[in-house]
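A short worksheet on the structure shown next.
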Amino acid sequence: MRLHVVGWTVCGALLVVLMAALGWGLTHPANKAPATLVGSHTPELAIRAFDGTVYDLAQLHGTPIVLNFWASWCVACRQEAPVLDGAARKYAGRIQFLGANFEDTDSAARAYEAQVNDPYPVGPIIRGSYHDFGVTAPPETFFIDRQENVISQFAGPFSEKVLA
């Protein structure tokens with residue numbers, strides 16, 4: 001009987017410790033995202049497009065940029081792809097569109113891109129991180145001015161109406 005009480009006491013103590021750890025983890029995230037980057041200088045980021053070309057945001061200084069974080073497993077990314085593709089074609093030569101792959105395998109990302117066939121460079125991040133942009137889930141899109149400042153950001157899939 002006494003062993004039974006000790007067992008329940010130990011289990012109860014472990015449960016309290018686990019609940020306290022869970023509470024701490026939920027209130028103190030490891031990678032705290034900035035509230036917004038709007039009005040801030042763009043964090044460092046470079047992608048290697050699937051054709052091998054490297055696109056570094058700092059080297060694109062002087063060019064407006066639409067930076068979209070996407071993933072092959074993201075249903076909303078697939079929904080917004082035609083809208084971004086149409087805008088990229090419409091503003092070709094005036095605005096640089098870039099797609100930064102978000103936590104994906106290379107084979108899955110390439111297969112997705114073969115289906116979607118974006119008219120702008122897309123690929124994995126090779127320098128910097130989506131964490132620096134505060135991205136927690138795709139799709140998320142950042143509008144960057146000629147001086148490398150974030151002028152707007154949008155979380156979720158675009159519609160033509162929203163993009164206009």
Query raised in the report: Any side-chain heavy-atom pair from Pro138 and Trp73 closer than 4.5 angstrom?
Result: yes
Quick check: do Leu45 and Asp132 have side-chain heavy atoms less than 4.5 Å from each other?
no
When rounded to the nearest 0.5 Å, the distance separating CZ of Phe102 from OG1 of Thr136 is 7.0 Å
Legend entry - Side-chain heavy atoms of Val116 within contact of Asp85, under 4.5 Å: yes
Separation between CZ (Arg48) and CG (Asp56), nearest 0.5 Å, reads 11.5 Å
Heavy-atom closest pair (Val54 atom, Ala46 atom, distance to 0.1 Å) is CG1-CB, 4.4 Å
All heavy atoms of Ile144 vs all of Ile151, minimum pair found to be N-CG1, 4.4 Å
- Task: Say whether Tyr91 and Val83 are linked into one hydrophobic cluster, either directly or through other cluster members, by side-chain heavy-atom distances under 4.5 angstrom.
- Result: yes
On a heavy-atom basis, the closest approach of Gly134 and Glu140 is O-OE1, 4.5 Å
Of all heavy-atom pairs linking Pro82 and Gln79, the shortest is CD-O, 3.4 Å
In this structure, CD1 of Ile47 is separated from CG of Leu67 (nearest 0.5 Å) by 8.0 Å
Check your understanding: Heavy-atom distance under 4.5 Å between the side chains of Tyr112 and Cys77, does that happen here?
Key -> yes
CD of Gln147 to NE2 of His61, rounded to nearest 0.5 Å, is 6.0 Å
When rounded to the nearest 0.5 Å, the distance separating CZ of Phe97 from NZ of Lys90 is 10.0 Å
**Asked** Any side-chain heavy atom of Asn68 sitting closer than 4.5 Å to one from Val122?
**Response** no
**Message:** Using only atom types and a distance under 3.5 Å, with no angle test, would you say the side chain of Asp118 pairs donor to acceptor with the backbone of Tyr120?
**Reply:** no
Value for CD (Glu148) from NE2 (His41), rounded to nearest 0.5 Å, stands at 4.0 Å
Requested in this report: For the residue pair Phe142 and Phe69, establish whether any side-chain heavy-atom pair is separated by less than 4.5 Å.
Outcome: yes
Are Phe154 and Phe143 close enough that their ring centers fall under 6.0 Å?
no
**Message:** If you count every heavy atom of other residues, nucleotides or ligands that lies below 6.0 Å from Glu160 atom CD, does the total exceed 12?
**Reply:** no
### Query
Is a side-chain donor or acceptor of Gln153 paired with a backbone partner of Leu37 at a separation under 3.5 angstrom?
yes
Heavy-atom nearest pair, Leu57 first then Pro43, reads CD1-O, 3.9 Å
*asked:* Any non-hydrogen side-chain atom of Asp106 less than 4.5 Å from a side-chain atom of Phe50?
replied: yes
Q. Taking the side chain as C-beta and beyond, is there a heavy-atom pair between Thr42 and Ile65 under 4.5 Å?
A. no
Tightest non-hydrogen contact, residues Glu80 and Pro157, listed as OE1-CA, 3.3 Å
